[in-house]
Amino acid sequence: LDTVYTLESLHVDVFVVRDAEAGVPALVANHVGANVSVLSAGEAHVSHPTQGLLDALTILQHKKRCDGLAVAIVGDIRHSRVARSVWHALATLGVGELRLVAPPALMPDKGEFAGCVRHENIEQGIAGADVVMMLRIQQERMQGAFFPSVREYFNLFGMTEARVRLARPDVIIMHPGPMNRGVEIASEVADGKYSVILEQVANGVAVRMAVLYLLAGGVEHEAAA
Ligand code: ASP
C-alpha cells in the first residue's frame, strides 16, 4: 500500500494492476481516492476483463453477432482468468451456446460457468462450433500433475488440422497467447487460415486504449467514433 500511496501522491489517474494473487485490484481500489481508477490487467486465475472484451470484439468482427453462435473454450479452463472473463463477456452479449471442453482435472468447479455445456471429449465439444478458443496450459498455476504428459495432452486435447475440420467450415480459431505449440495447438493450426490469434493481439491495443480513454473521463460516443 505504500507503493500505491506514493504513486497516488504523484497524481496517477489510473492504476493498471496485474498480479498472480487474487484480490489486488480490489485492494488498490479500496485505498485510492474516488478520482483514481483501477484497471485489472489480469487477476490471478480470477479475471482478465480487457482480454474478455478483446475476444468479444474479435468474434463480433468476424461473425457480426453473438446470438446463435456456438463457442467452444478448450483446455485449462480451471486455471484460466481468460476463460472466466470470456464467459462473462459472451454471456452478457447473449451467445447462443458456450461449451467448456477439458479433461476432468482441468474443468472448473461445478458452481462456476453457469449456463455452459461441459464436454470431456474434444471431438464432441468442437463439432459444428463457430468459434474455438484454445487456452494455454498453465503449468505455473498447477500444483501437482493434472495430466500424465504433454504428449498425451496433445493427443487427447490438442487442436490439429483434422480436428478443425469437425467445426464449421468458417470457424475461427483463437488463443490468448502465449501459445505452447505442440501442447495445446499444432503449428499448422496456429499459423493456418482459420487462426485469428494475431488479430486478437492487435485488438488488445484498441480495446485497452478505449478503456483507458473512458476511465480517464472520455465520452462513450466519442470512443466509439
Ligand atoms: N497473454 C494474455 C495477457 O498477457 C493472457 C493472460 O495473461 O492471461 O494478457
Side-chain angles (χ1 to χ4, degrees), residues 14-29 37-62 71-93 95 98 100-103 105-109 112-113 116 131-143 146-147 150 153 157-159 172-187 189-191 194-215:
V14 182
F15 282 88
V16 180
V17 183
R18 181 173 171 105
D19 204 275
E21 286 289 319
V24 177
L27 178 82
V28 176
S37 300
V38 178
L39 174 58
S40 166
E43 179 186 2
H45 63 285
V46 176
S47 70
H48 195 348
T50 58
Q51 179 77 44
L53 289 173
L54 76 90
D55 287 341
L57 173 63
T58 309
I59 292 172
L60 287 173
Q61 282 173 340
H62 281 269
V71 178
I73 306 180
V74 184
D76 186 1
I77 301 168
R78 184 172 185 82
H79 301 99
S80 177
R81 56 187 173 205
V82 173
R84 289 179 174 83
S85 285
V86 165
W87 165 71
H88 196 83
L90 295 185
T92 304
L93 291 170
V95 70
L98 199 50
L100 308 182
V101 186
L106 299 180
M107 275 291 182
D109 288 339
E112 285 198 275
F113 290 88
C116 295
V131 177
V132 174
M133 196 174 280
M134 303 306 296
L135 295 176
R136 181 169 67 88
I137 288 296
Q138 304 193 42
Q139 302 281 13
E140 76 278 19
R141 292 195 219 285
M142 293 181 192
Q143 280 151 3
F146 277 72
F147 49 85
V150 159
Y153 183 83
F157 284 91
M159 186 51 59
I172 56 170
I173 307 290
M174 305 175 72
H175 193 302
M179 289 182 280
N180 297 306
R181 288 172 185 260
V183 179
E184 68 263 357
I185 190 164
S187 280
V189 177
D191 305 326
Y194 309 104
S195 168
V196 298
I197 295 167
L198 295 178
E199 290 174 39
Q200 289 172 264
V201 178
N203 280 339
V205 179
V207 161
R208 286 158 185 145
M209 284 174 72
V211 170
L212 285 169
Y213 173 83
L214 293 172
L215 286 181

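When a ligand or atom number is given, it counts from 1 through the structure's own listing order. Atom set for the values below is all heavy atoms of this structure, side chains included, hydrogens, waters and symmetry mates excluded.
Remark: distances from the non-hydrogen atoms of R136 to ligand 1 are all 4.0 Å or more. Ligand 1 lies nowhere less than 4.0 angstrom from a heavy atom belonging to G42.
Which parts of ligand 1 touch P176 is read off a 4.0 Å heavy-atom cut-off, strictly below it: atoms 1 (N), 2 (C). The ligand atoms of ligand 1 that sit less than 4.0 angstrom from a heavy atom of R18 are 3 (C), 4 (O), 7 (O), 9 (O). Ligand-side atoms of ligand 1 in range of H48: 3 (C), 5 (C), 6 (C), 7 (O), 8 (O), 9 (O), range being under 4.0 angstrom from any heavy atom. Distances below 4.0 Å separate heavy atoms of V82 from the following atoms of ligand 1: 5 (C), 8 (O). Heavy-atom proximity to Q51, at under 4.0 Å, picks out these atoms of ligand 1: 2 (C), 5 (C), 9 (O).
A side-chain N or O of Q51 and one of D55 form a donor-acceptor pair less than 3.5 Å apart.
In H62, the NE2 atom is crowded: over 12 heavy atoms of neighbouring residues, nucleotides or ligands sit closer than 6.0 Å.
A search for salt bridge (Lys or Arg N to Asp or Glu O under 4.0 Å) contacts involving R18 returns nothing, not counting sequence neighbours. In terms of the ring pair (Phe, Tyr, Trp, His ring centres under 6.0 Å) criterion, residue partners of Y153 (sequence neighbours excluded) are, by chain and number, F147, F157.
Tested against T50, the residues L39, N203, L212 include a single side-chain contact (heavy atoms from CB on, under 4.5 Å) partner, L39.
Backbone and side-chain nitrogen or oxygen atoms of R208 are examined, and none is located within less than 3.5 angstrom of a nitrogen or oxygen of ligand 1. Below 3.5 Å of separation, one finds an N or O of G177 facing an N or O of ligand 1.
Counting heavy atoms from C-beta outward, M133 and L98 have side chains that stay 4.5 Å or more apart. By the 4.5 Å heavy-atom criterion applied to side chains, R78 and D109 are counted as neighbours.
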